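No experiment lies behind these values; they were computed from the predicted model shown.
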Amino acid sequence: MTEFAPMPRELHTERLRLRWWLPSDSADVRRLWSERDPRSLRLIDADGHPTENEMRDRISAQLDEGESTGLGMLAIELQSGPGFIGYCGLTVGSATQEEPEIAFELFRSAHGRGYATEAAQAVIDVARGTGRSRLWATVREWNTASLRVLAKLDFFDSGRRTEDAERGSSVWMTRDL
């Protein structure tokens with residue numbers, strides 16, 4: 001397997017600070033989950049799971065995985081002030097360590113301002129710097145906002161679909177670096 005440089009722990013753009021997320025971000029990440037479309041795969045269930053503690057454990061496990069893969073999620077904060085507004089990063093997800101998947105999610109209150117595009121562009125630049133040559137993104141076909149962000153970032157429909165009659169099929173988007 002090819003060796004890749006690890007992602008940096010912090011990135012800055014004109015308006016954003018992206019930092020490696022922490023178990024202490026668990027309440028914010030859980031709040032993001034509570035805003036998700038009911039067709040999403042991962043939701044807060046009727047019994048309130050994952051709890052904040054379960055989310056903390058999930059983030060800790062992802063951080064441990066990131067130590068071995070060099071990939072991870074970055075909390076997105078505004079440069080102008082503190083406060084978690086979402087996350088963006090690279091993960092094996094449905095892809096591979098060599099050709100990882102980009103993921104991003106923002107609170108609804110942060111939608112429509114270009115933050116997802118700005119954060120994802122910074123992560124794409126980092127991915128290129130790690131020596132990778134391709135990225136993937138899997139997006140539900142009904143998620144037009146994420147599909148628009150990916151199109152702005154030169155992702156294109158690979159033609160591959162993961163069918164899901166209940167939640168909506170996932171479109172496999174890709175781009176070369």
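T130 meets the side-chain hydrogen bond (donor to acceptor under 3.5 Å, both in side chains) test with R132; sequence neighbours excluded. Judged as a salt bridge (Lys or Arg N to Asp or Glu O under 4.0 Å), and not counting sequence neighbours, the contacts of R161 are D157.
In terms of modelled atom types and a separation under 3.5 Å, the side chain of W21 and the main chain of L63 share no donor-acceptor contact. The closest donor-acceptor contact from the side chain of D47 to the backbone of H49 lies at 3.5 Å or more, if one exists at all. Panel note: side chain R140, backbone R39; no donor-acceptor pair is recorded below 3.5 Å.
Annotation: the span from R175 atom CZ to F156 atom CZ amounts to 10.0 Å, rounded to 0.5 Å. Residue L90 holds its CG atom at 11.5 Å from CZ of F4, rounded to the nearest 0.5 Å. Rounded to the nearest 0.5 angstrom, T69 OG1 and M7 CE are separated by 9.0 Å. We find the CD-CG distance between E99 and L135 to be 8.5 Å, quoted to the nearest 0.5 Å. Rounded to the nearest 0.5 Å, atoms CD (Q62) and CH2 (W20) are 10.5 Å apart. One distance of note links OG of S170 with CD of E163; it measures 9.0 Å at 0.5 Å rounding.
Inter-residue side-chain proximity for V29 and I59 is flagged as met; some heavy-atom pair is nearer than 4.5 Å. Under the 4.5 Å side-chain criterion, counting only non-hydrogen atoms from C-beta, F104 is not in contact with V123. When side chains are defined from C-beta on, I124 counts as touching F155, because their heavy atoms get closer than 4.5 Å. Using a 4.5 Å cut-off on side-chain heavy atoms (C-beta onward), Y115 and L78 make contact. Within the 4.5 Å cutoff, side-chain heavy atoms of R19 are placed close to those of D25.
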Using distance only, find each side-chain donor-acceptor pair of residues 79-86 under 3.5 Å and give its atom names and separation, not counting sequence neighbours.
from : atom 1 : to  : atom 2 : distance (Å)
Q79  : NE2    : H12 : ND1    : 2.9
Q79  : NE2    : T13 : O      : 3.2
Q79  : NE2    : L16 : O      : 2.9

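In summary, R9 and E67 engage in a salt bridge, as defined by a charged side-chain N under 4.0 Å from a carboxylate O.
What you find for I44 and P50 is that their closest heavy atoms are CD1-O, 3.8 Å. R36 approaches S40 most closely through the heavy-atom pair CB-OG, 3.7 Å. Heavy-atom minimum distance, P23 versus R56: CB-CG, 3.5 Å. Between L43 and P38, the shortest heavy-atom contact is CD1-O, 3.4 Å. The two residues W172 and S158 have their closest heavy-atom pair at O-OG, 2.7 Å. When all heavy atoms of L32 and E105 are compared, the pair lying nearest together is O-OE2, 3.7 Å.
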Pair R148, T144 - check side-chain contact (heavy atoms from CB on, under 4.5 Å), show working. CA-CA 6 Å; R148 274 195 306 271; T144 55; 3.9 Å; yes
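For the residue pair E101 and T91, no side-chain donor N or O sits within less than 3.5 Å of a side-chain acceptor on the partner.
Linking ILVMFWY residues whenever their side-chain heavy atoms come closer than 4.5 Å, directly or via other members, places Y87 and V92 in the same cluster. L150 and L106 fall within a single hydrophobic cluster, where Ile, Leu, Val, Met, Phe, Trp and Tyr side chains are chained together by heavy-atom contacts under 4.5 Å.
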